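Since the model is a prediction, treat every value here as computed from it, not as a measurement. Here is how names work: the chains are called A, B, and so on, in the same order as the sequence lines, proteins then strands, and each is numbered from 1.
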There are 2 protein chains.
Amino acid sequence: MSRRLKLIVAYDGAPFAGWQSQSHRNTVQDHLERAFRTINGARVQVHGAGRTDSGVHALAQCAHADVGNERLQPARWVAALNGQLPPQLRVLRCQFAAKDFHARFSAVGKVYRYRIWTGSVLPPLEYGRVWHLPADLALDRLRSAAAEFLGRHDFKQFAANRGHRVTDTVRTIRALAVRRHGHVLTLEFDGDGFLYKMVRLIVGALAECAGGKIAIGDLRNRLSGKTVEQSSRLAAPAGGLYLVRVRY
Amino acid sequence: MSRRLKLIVAYDGAPFAGWQSQSHRNTVQDHLERAFRTINGARVQVHGAGRTDSGVHALAQCAHADVGNERLQPARWVAALNGQLPPQLRVLRCQFAAKDFHARFSAVGKVYRYRIWTGSVLPPLEYGRVWHLPADLALDRLRSAAAEFLGRHDFKQFAANRGHRVTDTVRTIRALAVRRHGHVLTLEFDGDGFLYKMVRLIVGALAECAGGKIAIGDLRNRLSGKTVEQSSRLAAPAGGLYLVRVRY
């Protein structure tokens, strides 16, 4: 009999080609499935809550897998998997979950963080971990613009096409906190779900707005679907994005 | 006429083979000299305050170089050099200095920081940036042991041989602060100078002491030269070490 294992994993996005399995097999999902196969002796499919892109980091991504070896206790799974995984990918915690638990479909919300470095020189240890935007972004303007995205909206103008049609593009952003600490600007998104590249497209638009390139009214029009500006959409780079938490 | 330029540089230690120039030319000094050569048109020698090892990070290393192009102002040098350097190595500031200023010989002190991760699982974004020591290190014991190193001592038992004989091994540690923040232990050394691998050998000994493997008395004996334990010396890994500041 197999049991469903729930995993909390963290990774540095830089060395991997994103979450989702690919033919070259250097994705987070691939590394996890290889580790499971080594320990379990048979193929195990790993389902993640969110398919993060190449370069996007995770502080606490959630995943599940059905494992045959029911004698191995969750704490032992953590050590066994980490023994097989590269150090840039770690299993933080494991627990057995109900059979109907699904990392992706059971999720009721996610928290993403986006980090921007506004200083003129990017510190080397922040390379690949922030968006270097050496500009004088007006914090009050950024906060006003961010408030426009709060609540329930059709975010189809803030989503990239993933090759398949997403029919329901309505999402709710419950909170969007904007904080400054020295040269670091942090935007933290708490929502029921996020479309493909949604956070990065919103951050790109907010940066353009805070930098004075577009008006708050333009953002509002784009969000309400009054204007469609496919060509001018700026997605903030992947390295500044962190999946912080998945809510169930 | 040439002018002496003082540089403050920062780097991620991971991608470089340390500070000092080597035949393969992937050191911090090599990258800086190549950048100067490109801008200046002639060979420029760069002198660093401390020759950090491979893997050791710098938040504010200091260096000097004599540049022929006296019309280029310091702020322009920052931008010009950074335009040539890899992103893991940045010039933070430049200024013209007196002809007798020497990055290494004018230095009157340095501050080094060492970071230890004591939790059982090492977060991926800390990989290469801390020493992963999943142990229950007694903070009070660590502080008591650290206090033994304060002041003026002959540190020859806490120095590695660099291939040349260092005759004067007496150094003064003015402050050694031990702090804990969650799973991170930070040891910050402020001293008039440090011998080769001195910080890493002291941290190695402190960790053994805090973990109960050696007694504080053993440390004291080793420091006073009463015992010589060449074989058992543990150097803490390079990735946890940061050159924080050079004092003049």
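When the shell of 6.0 Å around NE2 of A:His24 is examined, it contains more than 12 heavy atoms from other residues, nucleotides or ligands. Residue A:Arg174 places its CZ atom among more than 12 non-hydrogen atoms of other residues, nucleotides or ligands, all under 6.0 Å distant. No more than 12 heavy atoms of other residues, nucleotides or ligands lie within 6.0 Å of CZ in A:Arg245, so this atom counts as exposed by the packing criterion.
Minimum heavy-atom separation, A:Pro124 to B:Ala10: CG-O, 3.2 Å.
Heavy atoms of A:Leu125 lying under 4.5 Å from chain B belong to its backbone as well as its side chain. Heavy atoms closer than 4.5 Å to chain B are found in the backbone of A:Val91, but not in its side chain.
Put simply, of B:His132, B:Arg129, B:Glu126, the one with the most heavy-atom pairs under 4.5 Å next to chain A is B:Arg129.
Between B:Leu122 and A:Asn82, the closest side-chain pair of non-hydrogen atoms is not below 4.5 Å.
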